[in-house]
Engineer: 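Got a structure for you, written out below as structure tokens; questions coming shortly.
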Amino acid sequence: MTELKLRLKEGNNDKIVKVQQEACTIGRLPECDLYLPFGGISRYHARLLKIPDGQWIIEDLGSKNGTHVNDKLVVVAQPLEHGDVIWLGNISLQVILKDKCEFPTLQQQQSGTGEQRTILRNVQQLQERWIEAEGEEGNSKNKDKTIARLKDLVDIAKNLSAAASIEEIFLQVQKVVFRYLNSIDRLALLIDVKSGGKLELMSAGARSIHEQQDLAADGSWISSSICQKVFAEKVAIQIADAQKDARFASEHSILINDIRSAMAVPLWDENKVVGVLYADAHLSSYHWEEEGEQELSFFSALANIVASSVQRWLLAEKLKSEEIIRQRLERYHSPAVVQQLIDVGALPDGRLPPKESEISILFADIVGFTAISERLTPTQIAEMLNKLFEEMLQEVFTYGGTLDKYIGDCIMAFFGAPETQHDHADRAVAAAQAMLIRLENLNANNFWQQPLQLRIAINSGKAVVGDVGSSQRVEYTALGATINLASRLESVCPPGECVVSEATYELLSSNSAFSQMGEYRFKGIDRLVNVYQTKMHH
């Protein structure tokens with residue numbers, strides 16, 4: 001039988017507890033098998049169980065502060081190994097499953113001035129306790145200090161709410177931290193800018209000018225494992241003598257940079273953690289023994305105020321980038337499609353990656369444009385095209401189409417992308433008919449010096465649609481044989497009418513408005529194409 005012993009460490013006391021039964025409850029009620037009447041421990045905190053194969057497991061009994069094994073939160077029952085350290089509040093229990101006890105204990109990892117310690121705190125409780133804990137002692141000096149700090153936090157909150165950029169936010173925080181927490185040498189603000197769980201170093205500062213110059217821009221002085229833990233688990237961590245903390249032993253950055261103490265707290269606003277405030281100090285753990293809890297509480301309270309400013313900044317940045325994307329997209333898409341694209345957020349660098357879609361493509365050009373333009377100045381031509389295109393685009397957008405581009409006197413638009421539209425052929429034809437009717441009405445109202453006419457051609461099929469271009473200039477466009485055929489179809493279209501290919505004709509839910517025109521051969525296409533035309537009767 002594997003015997004389980006626990007090395008219980010509380011403050012400077014160390015004692016070995018033998019677990020006698022196969023199910024052992026731990027908590028601060030006297031009826032628990034292992035009675036631990038200490039702060040931070042729930043009434044029924046955790047349970048040790050021996051399972052049939054002789055292995056011991058631990059489960060958390062819904063405790064307030066959680067149970068950690070080697071710094072991992074116990075979510076489901078977890079097997080225990082020899083040497084594991086169980087943390088309940090501030091109490092650690094080291095698991096001894098062998099008779100010999102050859103591993104060093106946290107107790108033995110002494111530093112010169114006092115032992116190493118790590119404080120891990122649930123942030124919410126830390127902040128709730130901060131004011132009470134200091135006031136409780138009845139010591140008027142402590143109360144004055146608390147009141148002074150509260151006043152300062154109110155001032156900080158005011159200053160922060162005025163800060164617009166991330167640099168300003170950081171400068172405010174830095175000012176306060178260096179003023180209140182004398183032990184801290186360096187400070188960093190890390191933010192999950194893209195909301196993808198990846199922390200980016202936004203700003204860093206050091207107390208002395210000399211250190212400021214040495215501050216590595218790449219953030220190599222920051223312990224990423226500590227930051228990640230704080231961010232993921234929403235806990236505040238304070239580590240004195242980080243090199244001697246076995247739980248962060250594998251972390252290179254700590255060893256290289258000789259960080260003797262580090263403190264990190266999450267920036268959380270309501271339910272979301274948006275970043276981490278990280279600080280380090282070159283000092284022995286003795287100071288943290290004395291001041292640790294208070295400093296961590298203050299740092300944590302400060303982080304909470306910072307969080308709402310950071311949230312505001314993130315929101316402003318998001319709106320700014322959405323506005324840029326919106327302006328770009330509105331040239332091509334109907335407002336409804338633009339909103340959908342922004343909601344989907346499928347825009348790495350504001351680009352829509354090219355993908356194959358089933359679309360209907362529409363070409364509409366002005367009949368006799370060359371002859372008309374002979375009689376006009378370039379300015380008049382531009383004015384005519386702008387007025388006409390503006391009107392025609394309304395109909396494209398009404399039917400959920402996307403403007404590809406204007407080519408001279410020709411409008412190129414498609415239906416079925418970026419939003420899949422199963423009825424893309426119907427939409428294209430409806431838009432074409434609406435464009436022809438609209439133009440008749442415009443002509444009746446002397447829209448231009450002379451009546452204008454359009455030819456419209458539509459083809460359907462597969463095409464690659466997306467952003468294509470260089471870093472300087474990007475166009476949202478459709479490419480492929482389907483597009484080439486549509487542009488060729490236009491040459492056989494009678495003035496004031498619309499023609500469709502057989503592919504489009506087959507897709508229409510009702511094709512009674514069309515009659516067959518005949519089979520045509522087009523340049524670059526090695527088959528005969530059946531073409532259908534619509535007559536507009538009013």
Side-chain angles (χ1 to χ4, degrees), residues 328-338 359-373 376 378-419 421 423-460 465 475-478 483 486-501 504 508 513-514 533-538:
R328 240 203 77 217
L329 295 179
E330 272 174 350
R331 302 210 304 270
Y332 308 115
H333 308 298
S334 65
V337 175
V338 172
I359 64 168
S360 288
I361 184 113
L362 175 153
F363 280 91
D365 70 4
I366 299 169
V367 176
F369 178 70
T370 317
I372 296 171
S373 53
L376 301 175
T379 312
Q380 287 172 314
I381 294 171
E383 188 196 340
M384 176 186 78
L385 290 177
N386 284 341
K387 281 175 81 172
L388 181 67
F389 286 170
E390 188 59 42
E391 294 281 344
M392 296 303 115
L393 198 56
Q394 300 301 317
E395 300 299 348
V396 171
F397 283 175
T398 297
Y399 292 95
T402 290
L403 170 69
D404 187 312
K405 58 173 84 67
Y406 300 120
I407 311 164
D409 66 321
C410 173
I411 295 174
M412 174 180 169
F414 52 80
F415 299 78
E419 204 180 19
Q421 294 160 332
D423 57 347
H424 52 80
D426 286 329
R427 287 171 182 263
V429 167
Q433 289 170 334
M435 285 161 88
L436 294 172
I437 292 169
R438 191 174 185 126
L439 186 54
E440 279 190 6
N441 295 337
L442 289 170
N443 286 331
N445 292 318
N446 301 320
F447 164 73
W448 190 247
Q449 304 158 358
Q450 66 189 86
L452 297 173
Q453 276 187 306
L454 287 179
R455 280 192 181 90
I456 304 181
I458 300 169
N459 182 29
S460 304
V465 183
E475 283 216 318
Y476 184 69
T477 188
I483 288 91
S487 71
R488 302 256 189 272
L489 277 175
E490 230 177 12
S491 60
V492 302
C493 181
E497 284 183 32
C498 167
V499 298
V500 302
S501 69
T504 304
L508 293 174
F514 288 88
Q533 76 177 86
T534 170
K535 286 241 186 299
M536 306 294 296
H537 297 295
H538 306 294

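These numbers come from the heavy atoms of this one structure, side chains and all, not from hydrogens, waters or symmetry mates.
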Engineer: What are the two closest non-hydrogen atoms of P418 and T402, and how far apart are they?
Structural biologist: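 Looking at all heavy atoms of both residues, the closest pair is CD-OG1, 3.7 Å.
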Engineer: Would L442 and M392 count as a side chain to side chain contact (heavy atoms under 4.5 Å, CB included) if you check the C-alpha gap in whole Å, the side-chain angles of each, and the deciding distance to 0.1 Å?
Structural biologist: CA-CA 11 Å; L442 289 170; M392 296 303 115; 4.1 Å; yes
Engineer: Say whether, by atom type as modelled, one donor and one acceptor occur between the side chain of Q421 and the main chain of G400 under 3.5 angstrom.
Structural biologist: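 Pair found, side chain donor or acceptor close to backbone of G400.
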Engineer: What's the shortest heavy-atom distance between E395 and A431, and which atoms?
Structural biologist: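 Shortest heavy-atom contact: O-CB, 4.0 Å.
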Engineer: Please name the pair of heavy atoms, one in F414 and one in T477, separated by the smallest distance, quoted to 0.1 Å.
Structural biologist: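 Answer, listing the atom of F414 first, then T477: CE2-C, 4.4 Å.
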Engineer: Show your reasoning for whether side chain to side chain contact (heavy atoms under 4.5 Å, CB included) applies to F514 and L508.
Structural biologist: CA-CA 10 Å; F514 288 88; L508 293 174; 3.6 Å; yes
Engineer: Judged by atom type as modelled, is there a donor-acceptor pair below 3.5 Å linking the side chain of E490 to the main-chain atoms of D365?
Structural biologist: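 Between the backbone of D365 and the side chain of E490 there is a qualifying donor-acceptor contact (under 3.5 Å).
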Engineer: Determine whether the aromatic ring centres of residues F415 and Y399 are separated by less than 6.0 angstrom.
Structural biologist: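 No - the distance between ring centres of Y399 and F415 does not fall below the 6.0 Å cut-off.
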Engineer: For a quick test of reading the model, state the closest non-hydrogen atom pair linking N443 to P451 and the distance between them.
Structural biologist: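 Looks like OD1-CA, 3.4 Å.
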Engineer: Locate the shortest heavy-atom distance separating S360 from H424; write the atom from each residue and the value.
Structural biologist: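 Scanning both residues completely, I find the closest heavy atoms to be OG-ND1, 2.7 Å.
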Engineer: For the CG atom of D409 and the CZ atom of R455, what is their distance to the nearest 0.5 Å?
Structural biologist: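 Taking CG in D409 and CZ in R455, the distance rounds to 9.5 Å.
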Engineer: Please evaluate residues I366 and L385 with respect to the criterion side chain to side chain contact (heavy atoms under 4.5 Å, CB included), reporting the C-alpha separation (whole Å), side-chain torsions for both, the decisive distance (0.1 Å), and the verdict.
Structural biologist: CA-CA 9 Å; I366 299 169; L385 290 177; 3.5 Å; yes
Engineer: Locate the shortest heavy-atom distance separating L362 from A432; write the atom from each residue and the value.
Structural biologist: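 It is CD1-CB, 4.1 Å.
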Engineer: Let's go through I456 and F363 carefully: what are the C-alpha distance in whole Å and the side-chain angles of both, what is the deciding distance for side chain to side chain contact (heavy atoms under 4.5 Å, CB included) to 0.1 Å, and is it a yes or a no?
Structural biologist: CA-CA 6 Å; I456 304 181; F363 280 91; over 6 Å; no
